[in-house]
Structures are given as C-alpha cells and as structure tokens.
Undergrad: 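There's a structure below that I have some questions on.
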Amino acid sequence: MKIATWNVNSLKVRLPHLLQWLDANPVDVLCIQETKLTDDKFPAAEINAAGYQVVFSGQKTYNGVAILSRQPLTDVVRNNPHYADEQQRLLAATSGGIRVICAYVPNGQAVGSDKYAYKLDWLAALRTWVEEEMARHPAFAILGDYNIAPQDRDVHDPQEWAGQIHCSAPERAALGALSGLGLADAFRLFEQPDKQYSWWDYRQLAFRRNRGLRIDHILLSRTLAARCSACTIDREPRKWEQPSDHAPVVATLD
DNA sequence: ATGGCCAGACCTTCTGGA
C-alpha cells in the first residue's frame, strides 16, 4: 500500500490538482494540509466520487487538515487531546490497520516570535499525544507539513538558512524528540539523490532553481518502517499551472 | 535595495505563509 502527504495550500483552488494527482497516483491514504475551508464547504462529494473516504477538520482562511482513504476510516480524533487549540492542525484516523495522524505543524514565522513559542509548545504537546497513540497502535504513521528541515542537507542553502525559522536548533530538537519515540523519517530509510526538497518559494523562480526545503515528512513506527520499501517526493504537480508551493511525499509499505 | 509570489479576507491593502 501507499501512504502520502501533501500541503495543498487551499483546497478550493487546488481540488482539480488533487483529483488529477490521485488519478495518476491512486495511493491508499493521503493526508492533506492547509485546506483553508470550513467543514460545510469541504468538497467531500468530489473526493468520494474519486473513490476515497474522507474525514476533515477545517476553519476559515487558515490551516485545515483532511485524511483521504480508499478503505474506511475509523476512530477519528480531531486535535490533540493534550493541547487546547482553536487552530485546526491535527486529525487522526485508522485505515487498513494503520493508525494515521495528519499534521500541519505551525509555521513559527520567525525565531523568537510568539508564533515560534507556539510552534515549540505545540510540538511538545504533540509528542505526548503521539507517545500515547504509538502505545496503542504499533502500526503508526504521522504524515504532514512539519515546517522543519531536519538537517542541513534538507536545505538548498544551509548558510543562508542557518538558525532561521524551519532550521533552528530548538525546532530540530523538537522533531528529534518525536523521532526519539521510535519514529523513522521514511525518506531517509533509503539512498536518495542530493537536493531533494518538498517546498519551494513562489518567488524568484525558486522551483526552477531548486531553491527549496524538505519540510514535509512521513514518520513511521518501527513496525511500519520494517514494511517500508520506498519513499519519494513527487515534483510533478509543482510544475503544473497554479501549483501548491509544496510537493507530495509518498511512502510504499509492503 | 531585506523586496520579489500566492491565497484569502473585505479591498485598492492588509495578514500569513515558509
């Protein structure tokens, strides 16, 4: 089976891309972020018609997450029970025996800002919840936009980004604390070409120049990491007209 | 020159993203 994550940056604008991508890439589970839609506006019928069950948790203008699945979704949980948050960034469900969390980690804006403090608090609380979920579900995956580049090799220009948002030591430590629960970055289970990114700024022809960051990740429990035979970033939809600034990441589980 | 693009809100200009 295949599981994937994609920050679509407005599902209203990107629904045609989502359907086009699913048609070419009929993954079993897809986590999407930044839907930017209230639940009454969520295009469930169009997604159902494409052969997917879907659960979603949205709000106006910002954030919003959804899980699409070919198999039924059960035991749905919205938001982190350990962290009161009006922002809709987390959704959990079980599909095909796998416990999945879809995560849209706060951006953080700038190191030292209020939003940065929120990002770190949010990540600390996420760890507590993930630890619980993993204890209950050995087959566990958390997929999403982490807004953190784990290492300098995940950054097009590590000197330019050194210490900056997405690359600061506390952010990387918070991601490391999640990994410390026994989660593996699926992408790094395999030999990969250099300069593989999942996000590119809309400005300055950043995509054409491959000036990007790898900030979208699939983290797998040991049980699932043992089943994982591939993990790739699909740059194709970033080339389409009016694209999301993020690319999908796909993991194959045997 | 610290900008540049994009999406969405209530416009002709802002916030947030990363």
Side-chain angles (χ1 to χ4, degrees), chain A residues 5-18 21 31-43 56-66 85-90 102-123 126 143-175 187 195-217 233 235 237-249:
Chain A
T5 181
W6 192 9
N7 180 325
V8 296
N9 186 17
S10 171
L11 186 55
K12 180 182 173 186
V13 173
R14 229 68 66 191
L15 181 61
H17 281 197
L18 178 72
W21 189 80
C31 295
I32 60 175
Q33 302 86 36
E34 283 207 88
T35 57
K36 299 186 179 180
L37 290 172
T38 51
D39 290 350
D40 59 306
K41 297 208 167 59
F42 193 91
F56 42 91
S57 180
Q59 66 182 86
K60 194 175 179 181
T61 312
Y62 306 116
N63 311 311
V65 286
D85 192 357
E86 291 181 4
Q87 302 189 27
Q88 302 304 304
R89 298 179 174 277
L90 285 168
C102 176
Y104 177 45
V105 176
N107 174 300
Q109 201 164 62
V111 173
S113 67
D114 289 349
K115 287 176 181 168
Y116 182 74
Y118 164 65
K119 181 178 194 173
L120 295 178
D121 287 348
W122 190 96
L123 283 163
L126 177 65
L143 308 83
D145 176 0
Y146 287 76
N147 274 316
I148 300 170
Q151 298 179 287
D152 281 351
R153 62 177 165 166
D154 302 310
V155 179
H156 67 87
D157 185 339
Q159 285 192 320
E160 179 183 327
W161 283 88
Q164 301 298 311
I165 196 68
H166 313 301
C167 301
S168 71
E171 291 170 88
R172 287 176 170 175
L175 185 57
F187 190 76
K195 304 184 192 316
Q196 296 289 297
Y197 310 123
S198 67
W199 170 86
W200 302 261
D201 201 303
Y202 284 120
R203 296 167 288 191
Q204 293 185 286
L205 305 174
F207 180 65
R208 200 186 301 180
R209 299 160 69 196
N210 198 28
R211 290 173 56 85
L213 305 175
R214 193 176 71 87
I215 55 176
D216 299 87
H217 310 299
I233 299 170
R235 298 164 55 98
R238 189 63 176 77
K239 303 172 184 170
W240 297 347
E241 196 171 334
Q242 201 178 9
S244 168
D245 42 0
H246 292 255
V249 184

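Note that the coordinates shown come from a computational prediction; the quantities given were computed from them, not determined experimentally. In what follows, chains are A, B, ... by sequence order, proteins preceding strands, each numbered from 1.
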Undergrad: Distance check, C1' atoms only: B:dG16 and B:dC10, in whole angstrom units.
TA: 16 Å
Undergrad: Can you sort out the partners of A:D245 under side chain to side chain donor-acceptor pair (under 3.5 Å), two or more places apart, ordered by chain and number?
TA: A:W199
Undergrad: Would you measure the distance from the P atom in B:dC14 across to the matching atom in B:dG3 and give it in whole Å?
TA: 14 Å
Undergrad: Scan nucleotides 8-15 of chain B nucleotide by nucleotide, 5' to 3', and note B when protein non-hydrogen atoms come under 4.0 Å of the base, S if they reach only the sugar-phosphate, - if neither.
TA: SS------
Undergrad: Toward the 5' end of DNA chain B, which comes first, A:D145 or A:P243, by nearest nucleotide?
TA: A:P243
Undergrad: B:dA18, OP1 or OP2 - any side-chain N/O from A:H246 closer than 4.0 Å?
TA: yes
Undergrad: Starting at CZ of A:R203 and ending at C1' of B:dG17, how long is that distance when rounded to a whole Å?
TA: 9 Å
Undergrad: Please state how far atom CD in A:E34 lies from atom P in B:dG16, giving the value in whole angstrom units.
TA: 13 Å
Undergrad: Would you please confirm or rule out a distance under 4.0 Å between OP1 or OP2 of B:dG16 and any side-chain N or O of A:N107?
TA: no
Undergrad: Counting heavy atoms not belonging to A:E160, are there more than 12 under 6.0 Å from its CD?
TA: yes
Undergrad: Starting at atom NZ of A:K41, determine the distance to atom P of B:dA7, rounded to an integer number of angstrom.
TA: 18 Å
Undergrad: Contact class for A:Q242 (heavy atom, under 4.0 Å): base, sugar-phosphate, or nothing?
TA: sugar-phosphate
Undergrad: Would you indicate, yes or no, if B:dG16 has its OP1 or OP2 atom less than 4.0 angstrom from a side-chain nitrogen or oxygen of A:Y202?
TA: no
Undergrad: Say you pick atom P in B:dG4 and the same atom in B:dT13; how far apart are they, in whole Å?
TA: 15 Å
Undergrad: Determine: side-chain N/O of A:R14 to OP1/OP2 of B:dA7, distance under 4.0 Å, yes or no.
TA: yes
Undergrad: Would you please indicate if the ring centroids of A:W6 and A:W21 are separated by under 6.0 Å?
TA: yes
Undergrad: For A:T5, which of A:Q33, A:H246, A:H217 qualifies under side-chain hydrogen bond (donor to acceptor under 3.5 Å, both in side chains)?
TA: A:Q33
Undergrad: Please classify the nucleic acid contact of A:Y104 as base, sugar-phosphate, or nothing, using heavy-atom distances under 4.0 Å.
TA: sugar-phosphate
Undergrad: What is the distance, rounded to the nearest whole Å, between atom NE2 of A:H166 and atom C1' of B:dG16?
TA: 11 Å
Undergrad: Between A:R172 and A:D152, is there a salt bridge with N-O shorter than 4.0 Å?
TA: yes
Undergrad: Expressed in whole Å, how much space separates the C1' atoms belonging to B:dC6 and B:dA18?
TA: 12 Å
Undergrad: What is the distance, to the nearest angstrom, from the CD atom on A:E241 to the C1' atom on B:dC5?
TA: 15 Å
Undergrad: Please state how far atom CH2 in A:W199 lies from atom C1' in B:dC5, giving the value in whole angstrom units.
TA: 10 Å
Undergrad: Report the C-alpha distance between A:Q87 and A:Y62 in whole Å, list the side-chain angles of each, state the deciding distance to 0.1 Å, and finish with yes or no for side chain to side chain donor-acceptor pair (under 3.5 Å).
TA: CA-CA 8 Å; A:Q87 302 189 27; A:Y62 306 116; over 6 Å; no
Undergrad: When the nearest nucleotide of DNA chain B is assigned to A:Q87 and to A:Q204 on a heavy-atom basis, which residue is associated with the more 5' position?
TA: A:Q204
Undergrad: Please enumerate all residues that pass side chain to side chain donor-acceptor pair (under 3.5 Å) together with A:N107, with sequence neighbours excluded.
TA: none
Undergrad: Mind telling me whether A:F42 and A:F56 have parallel, tilted or perpendicular rings, with 30° and 60° as the class edges?
TA: parallel
Undergrad: Roughly, in whole Å, what's the span from CG in A:D201 to C1' in B:dC6?
TA: 9 Å
Undergrad: Rounded to whole angstroms, how far apart are CG on A:N7 and C1' on B:dA7?
TA: 12 Å
